Structure formats: C-alpha cells, structure tokens
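All remarks here apply to the structure that follows.
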Number of protein chains: 4
Amino acid sequence: MDLLHTKERIARAAVRLFSRKGFKGTTIKDIAREVGITEGAIYRHFASKEDIIRHLTRRITEDLGRRIQREVLPQKTFRDKVSKLVEVLVRYAFENPDEFRYLTVYHILREEVPQEDLPGRRILEMFRNAYARGETDLIPEVVLSVVIGSVDRIFILKDLGLATASEEDILDQIRRAILKAVT
Amino acid sequence: MDLLHTKERIARAAVRLFSRKGFKGTTIKDIAREVGITEGAIYRHFASKEDIIRHLTRRITEDLGRRIQREVLPQKTFRDKVSKLVEVLVRYAFENPDEFRYLTVYHILREEVPQEDLPGRRILEMFRNAYARGETDLIPEVVLSVVIGSVDRIFILKDLGLATASEEDILDQIRRAILKAVT
Amino acid sequence: MDLLHTKERIARAAVRLFSRKGFKGTTIKDIAREVGITEGAIYRHFASKEDIIRHLTRRITEDLGRRIQREVLPQKTFRDKVSKLVEVLVRYAFENPDEFRYLTVYHILREEVPQEDLPGRRILEMFRNAYARGETDLIPEVVLSVVIGSVDRIFILKDLGLATASEEDILDQIRRAILKAVT
Amino acid sequence: MDLLHTKERIARAAVRLFSRKGFKGTTIKDIAREVGITEGAIYRHFASKEDIIRHLTRRITEDLGRRIQREVLPQKTFRDKVSKLVEVLVRYAFENPDEFRYLTVYHILREEVPQEDLPGRRILEMFRNAYARGETDLIPEVVLSVVIGSVDRIFILKDLGLATASEEDILDQIRRAILKAVT
DNA sequence: TATGAATGAGCTTTCATTCAT
DNA sequence: TATGAATGAAAGCTCATTCAT
C-alpha cells in the first residue's frame, strides 16, 4: 500500500468515501484519516475538495468509457452489443465496486458537483443508431434503462448483502434476463 | 400552498432537497428558505434534522408499501404480480418524483442516515415465494433488480431530460421489456 | 456601549483593528473578542471579512468626502480652500483617529483589498482647477501632498506619542506652515 | 540577476512584497515564487519570517540613516538642513521605491512587527536642537511632519500613477514648497 | 544548497441548534 | 407559532516551519 504515491492513495480513499457517504457527507479529515496523513497534506496533491471529485469523475468516466468503446461498440449485432455491455458493466462493477457506486451517486446527486460527460450518453447514442436501423423496436432510453438499471440494482443488492449468489451466477442470470427483455 | 400546514410544507421542501442534494448537502436554511420561514421555526415542527429524515422515510416507505400491498400482492400469477409492480412503481415515480428520487438516494448513501425498513425487502420476499413455488426460474434478487432498476433508470433519464417519450409510452415499453425478461 | 446595534459595534472594532494591524493581520476572532461575541455571530451581520472592509471603506470615504464637499469646496479663494481643508482633515483625524489611520493604511497596502474611490481624487480635482485658473503656481499633486502628507504625519507622530503639543497648537502650526508652503 | 546571492534576492523580493501587501499579507510562498526557489530553501538563508523583516528593517534604516548622517546633519543652517533632507529623501524614494514604501508601511502597521529604531527619531532630534537654538519657531514635530509627510505623499501619488510630473520637477517643487513652509 | 512532502496550528466560514422576544 | 440573534462545533483551507533526500 505504501508503494503507491500519496496522490493515488488519496484518490482511492476518496472514491470509497464519496461513493458511500456522498460529497458533502465526506470530510477532508475522513479522507486524510483513511490515508494516514494530515488534512493539510491533501492540499499538496489536490487544490480543493472539488478538485478531487473532478479528478475522480474524469478518471472513472474515461476508464469505463474506454472499456465500452473497445469492447462494446465493435460488436456487430444489437444482441451482441447488449450482451457485451452487460458483461463489461458487471465485470467493472465487481472489480471496481467503489468506482461503480460512485458513478451511481454522481448521477443522482446532481446539484452537489459540476456535471461532466458520463459514459451513459455514448451508450445511448449507440442504441439510438440501433433503433434507427431497425435492429430493435424498443426505444433507446428503455434499452439503456433496462441494461444499466438492472446491473446497478443487482450490484446494490450485493453491496447491501441482500444478494448472495456468486458473481458468475449473477452475470449469467442478469444477462439472460436482459437479453430476453430487449430482443 | 398556504392552505397546507407548515409541517407539511417543510416535509415537502425537505424531500425535494434531500433527494437532489443529499442529506448533508441540504441545510436547514435551504429548507427554511424554500418554505419561506426562518430556520428557528423549523424546530417548532421537527426536533432535529434527523427527525425530518426519519419522518420522511417512514412516510414514503409506508405510502409506497401500502400501494404495493394493496395492488401487487393480491395478484394471482407471477406475471401479473410483476406487471402490476411495474405499473405501481412507474405511476408512483411520475406522481411523486421527489419521493421516488429520495428512495434511490436513500438506498445508496447508506452511511448518511439511519437505515430503516424499505419496501424493497417486502417485494423481495414476494419474489422469493414465487421462486420457491416454481413460478419463475430467475433468482428473486435478479427479478427485483430488473424491475426496480429499470424503472429507476428510466425515471432518472426522464429527470435528466434525456428521455423524451410520454409517460404512457414509457410505461408500455418498460413493462413489455420487463415482462419479457422475467417470464 | 450595549445601546449600539451589534453590526455597528463590529464595524467600530474592525476599523480600529484593521487600521492598526492591517487586513490580513486582523482575524475575525480578534474582532469577535473585541465586540464580546463569538466568531459565528459576525456572519449574521457581514457576509465575509471582505464585506466588512468594503462596508468600512465606503462609509469612511463617504463621510470624509461629504465633509470636504460641504466645507471645503464652497470656499472662494485658493488660500481659503487649503486652510479649510487642513482644518477639516485635522479635526477629522482627531475625532476619528481609527478611521483616519484606516484611510492611510488603505492607501498604501493596495493589493490587500479591493480599491474603491477615495476622497483624494476629488481634492486633487479641486487643486487642478485652481492651478488651471492661475490661483497657484504649484502643481496640484504637490499641493495635495503637502496638505495631506503633513496632516497625516503629525497625526502619526501624535499616535506614536512622539508629538506632545495640544490639538489646538498642532492645528495652528500645521495650518500656518502649509499656507506658507502653498501660497 | 542570477549573479546575486540567493539571500540578497530573497531580501529584495521580500521588501517589494512586504511594502505592497504587508507582513501578514505576504507568505513565504509568495517570496519563494518571486525568487524562483521553493519555500524550504528560504530557511537556508533566514531563520524565520520575522528574521527576514528584522534584517530588512535594520538594513533599510541603517542605509537611510547613514545618508542622513553624512549629508544632512553636517549642514550649517536650518534651511540648508531642511533642503538637504528633502533632497536626500526624494532621491532615496525614487531610487529605492520598495524600501521607501516599506518604511511607510512599517511606521503605521505597528503591532505587526517588533519596533526598532527608525531614522525619524534622529531627524526629530536634529529639529529639536534647531528649535532650541531659535533657528525656527515651528515646533520640531511639525517640521518633521511637513518634510517627511510631503515627500511621502508625493511618492505615493507617483506610485499610484496619479502624479505624472518628472522626478526633477517634483523635487524642485516639493523642496520649494517645504522651504517656504518651515522658514 | 535546494526540493518537496508533511505537520500542526490557526484561519475563515458554515451550520445545526438554542433562546429571548 | 415565528423571528432573529447568538452559540459552538466542525468544516475547508492556508501557511510557517521541519525534515528526509
């Protein structure tokens, strides 16, 4: 853990805390305590609390966006796109629970922080094209909602300890359900 | 508006603000300003900020829970239960956007406020019974996730101005998609 | 002292402190302690530390400016104008030492605080007209410097305890010297 | 500029900043940035911020004091003394604007920094002797105020861009005016 | 000599809460 | 019931100073 640069350790503590307690609900002292430094030290790496959240949002958005661009967009059929998207999202959520939770919070508590472009818009674009080309008769917003919403919720249930199935089973079942829904 | 009791006006302002800015992100002054009274006056009606959120959570939970109990649970088949649940949720979300948004925030930002019993648990129970009785081969958590998650997301998209379809069309499409997914 | 509104008491404490220790050298705690309230209470009357200084500057500037406009500008001859100006300044300085000292600090520590229009500019205008009309052969900037500078310094010496003469004697002598200088 | 020792470059940056923003209004970081080094490096040359200001005050005071001792005190008549003093002060102010401005700030913001002996006291002594010997009938404090105050103010006006006359003209006029005032 | 990270005290400001009126 | 002033704790942030490198 000490091998990481302090800046990176601050960023990781911040995602974890912001995603659980919100931006306002997390104090600089919380972050500092988690990293094991004093509050003042944070300001050597980030200009302000807002600066931290801007940094995180950009990073997470770019990371997830890149995965989607690389793995999902190149898929040929609508069905394959949806299938891959579910897979990418579920894998991302299980590998980066804090980041995934962060994205959800960020979506909803909009007035707390400056809004930037989120991956959702790019995915929506993809579904709009599929709809236009007649590959599906569900309006794009509904496809997006079913896919992201389902993954989001199952993740929250897992997070809350209410879902006990394995990651494998969850991916299998949720993908199957979603594919039936949208095709 | 002035016909309402001050306590009710405070409660309404509070849901709207808590659901958009979070518990910590909303100040007593924010609420007072929205209601058109001073900060001190709030304490005539609620003992503390926590008291407001407790009151809201109980109220919203009970209201939505009652609707589910009355309209969803009596349904005979699994398919009818799901269909009715989607309908109840979509209608509730469009009629009470602040309350619905509040529930979502409340679910995720868990460490901000004391957790109470949410309607999700009762619904989960219902799906567990259906699963046990062999009415569906999807595990209950996945059914719950697809239903609630999809409705949740389409509502957020509406809220963000990203979904432009009418309430009617949205209900139709989302219900159709969800039914295909879970049956 | 308790008859005054808190806002006025804050303002008075602030001039005294700012004029002696500078803007940055004075803390909100200093002011609060002097007034006998807590730091938070200050913010019910002023939005920020900057707001206090803006308020003070406007007030002092307007007060002194008004006196000059009423008593100095109407004087007929150049000599009478200078004589009256010295009198007004000396009287103001002895009656409002904190405010007078504040003006001096404010003039010099320019980058600490937002600049507004100070009385000096109006007086300079007056001397420019006198110079144009041939009432004096000293350039206006020099006249202004001799008048204000001399009064300023004698005040500082008094303040430091280095000048022991009475207010009467000081006014007499300084006015006599200045009149000889500029006419 | 790089030929100078770092210590000297720190000192010069410090006078400039202290004289414009005050002692508290200037940070070690400000000084370091101006010199082009890091904050820590300053502590190789000065023990503390207070040490810098002590060093500056002593240096400036001694420099100006030496000039006065060499050029002003040896003058025979009271008139020659005043004349030379004006000349020395004006020349010093134009050659060392930061140092001159520093002296003014230092005089007024007394509680910020430890007081040391300033040149003013020595000059005051000189005028006291002249007064005792009957060379002038103006009390020494007034003479000192007219001389120093006038020079001070014309310098501030120049500094603020409000006086546009040349250094030559300013010296001529201010000396003429002051001599008329005190003799 | 110089850097850059860190500390710790103190600053300005916010905010839930109380209370006299 | 409501106001508005005040409290006191805690927040975000700054800054002089130290120290390992």
Side-chain angles (χ1 to χ4, degrees), chain A residues 2 5-7 9-10 23-32 35-53, chain B residues 5-7 9-10 23-33 35-53, chain C residues 2 5-7 9-10 23-32 35-53, chain D residues 5-7 9-10 23-33 35-53:
Chain A
D2 255 284
H5 267 320
T6 303
K7 180 162 188 172
R9 286 163 62 211
I10 293 170
F23 181 64
K24 291 277 173 111
T26 301
T27 69
I28 291 288
K29 196 175 207 128
D30 287 340
I31 300 174
V35 176
I37 54 179
T38 56
E39 296 156 80
I42 301 226
Y43 290 87
R44 185 154 281 278
H45 303 279
F46 293 95
S48 66
K49 207 180 155 188
E50 280 238 328
D51 190 32
I52 300 180
I53 211 166
Chain B
H5 268 322
T6 302
K7 179 161 188 174
R9 286 162 63 209
I10 293 171
F23 181 65
K24 290 277 175 125
T26 302
T27 69
I28 292 287
K29 194 174 203 136
D30 286 340
I31 300 174
R33 196 186 304 120
V35 175
I37 55 179
T38 55
E39 299 154 83
I42 297 213
Y43 289 85
R44 286 271 142 204
H45 304 276
F46 293 95
S48 67
K49 206 181 159 188
E50 281 237 327
D51 189 32
I52 301 180
I53 210 164
Chain C
D2 254 286
H5 267 321
T6 303
K7 179 161 188 174
R9 286 162 63 208
I10 294 170
F23 181 65
K24 291 278 173 113
T26 302
T27 70
I28 291 288
K29 197 175 205 129
D30 287 340
I31 300 174
V35 175
I37 54 180
T38 56
E39 296 155 82
I42 300 219
Y43 290 86
R44 185 153 280 278
H45 303 278
F46 293 95
S48 66
K49 206 179 157 187
E50 279 238 328
D51 189 33
I52 300 179
I53 212 165
Chain D
H5 268 322
T6 302
K7 179 160 188 172
R9 287 162 62 210
I10 293 170
F23 181 65
K24 290 276 174 125
T26 302
T27 69
I28 292 287
K29 193 175 204 135
D30 286 340
I31 300 174
R33 195 186 305 124
V35 175
I37 56 179
T38 56
E39 298 153 83
I42 298 214
Y43 289 85
R44 289 270 142 205
H45 304 278
F46 293 95
S48 67
K49 205 180 158 186
E50 281 238 327
D51 189 32
I52 301 179
I53 210 166

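Protein chains get the first letters and strands the later ones, always in sequence-line order, with residue 1 at the start of each. Note that the structure is a prediction, hence the values are computed from the model and not measured.
- The 5' end of DNA chain E is approached more closely, in terms of each residue's nearest nucleotide, by D:Gly36 than by the other of D:Gly36 and A:Ile42.
- Side chains of D:Ile52 and D:Ile42 form a contact here, defined as non-hydrogen atoms less than 4.5 Å apart.
- In terms of heavy-atom proximity, A:Val35 sits nearest to A:Arg9 at O-NH2, 2.9 Å.
- Going from atom OG of D:Ser48 over to atom CD1 of D:Ile28 covers 8.0 Å, rounded to the nearest 0.5 Å.
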A correct dot-bracket answer for DNA chain E, with pairs being Watson-Crick or G-U at under 3.5 Å, [ ] for crossing pairs and | for inter-strand pairs, is .||||||||||||||||||||
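- B:Ile37 contributes atom CD1, which lies 11.5 Å from atom CZ of B:Arg44 (distance to the nearest 0.5 angstrom).
- With sequence neighbours left out, D:Thr27 forms a side chain to side chain donor-acceptor pair (under 3.5 Å) with D:Asp30.
- A:Lys49 approaches A:Thr26 most closely through the heavy-atom pair NZ-O, 2.8 Å.
- For DNA chain E, the contact window with chain D, defined by any atom under 4.0 Å from a protein heavy atom, covers E:dT1 to E:dG4 in 5' to 3' order.
- Scanning for side-chain contact (heavy atoms from CB on, under 4.5 Å) contacts around D:Ala47 gives D:Asp51, with sequence neighbours left out.
- Looking at residues two or more places apart in sequence or on another chain, you find a salt bridge (charged side-chain N to carboxylate O under 4.0 Å, His left out) between A:Lys29 and A:Glu39.
- When each of D:Ala41 and C:Ile37 is assigned the nucleotide of DNA chain F with its nearest heavy atom, C:Ile37 is the one assigned upstream, toward the 5' end.
- Side-chain contact check for D:Lys24 versus C:Phe23: every heavy-atom pair is 4.5 Å or farther apart.
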Between the protein and nucleotides 10-14 of chain F, list every N/O to N/O distance that falls short of 3.5 Å.
{"unit_1": "F:dG12", "atom_1": "OP1", "unit_2": "A:Lys49", "atom_2": "NZ", "d": "2.8"}
{"unit_1": "F:dG12", "atom_1": "OP2", "unit_2": "A:Ile28", "atom_2": "N", "d": "2.9"}
{"unit_1": "F:dC13", "atom_1": "OP2", "unit_2": "A:Tyr43", "atom_2": "OH", "d": "2.6"}
{"unit_1": "F:dC13", "atom_1": "OP2", "unit_2": "A:Lys49", "atom_2": "N", "d": "3.0"}
{"unit_1": "F:dC13", "atom_1": "O5'", "unit_2": "A:Tyr43", "atom_2": "OH", "d": "3.3"}

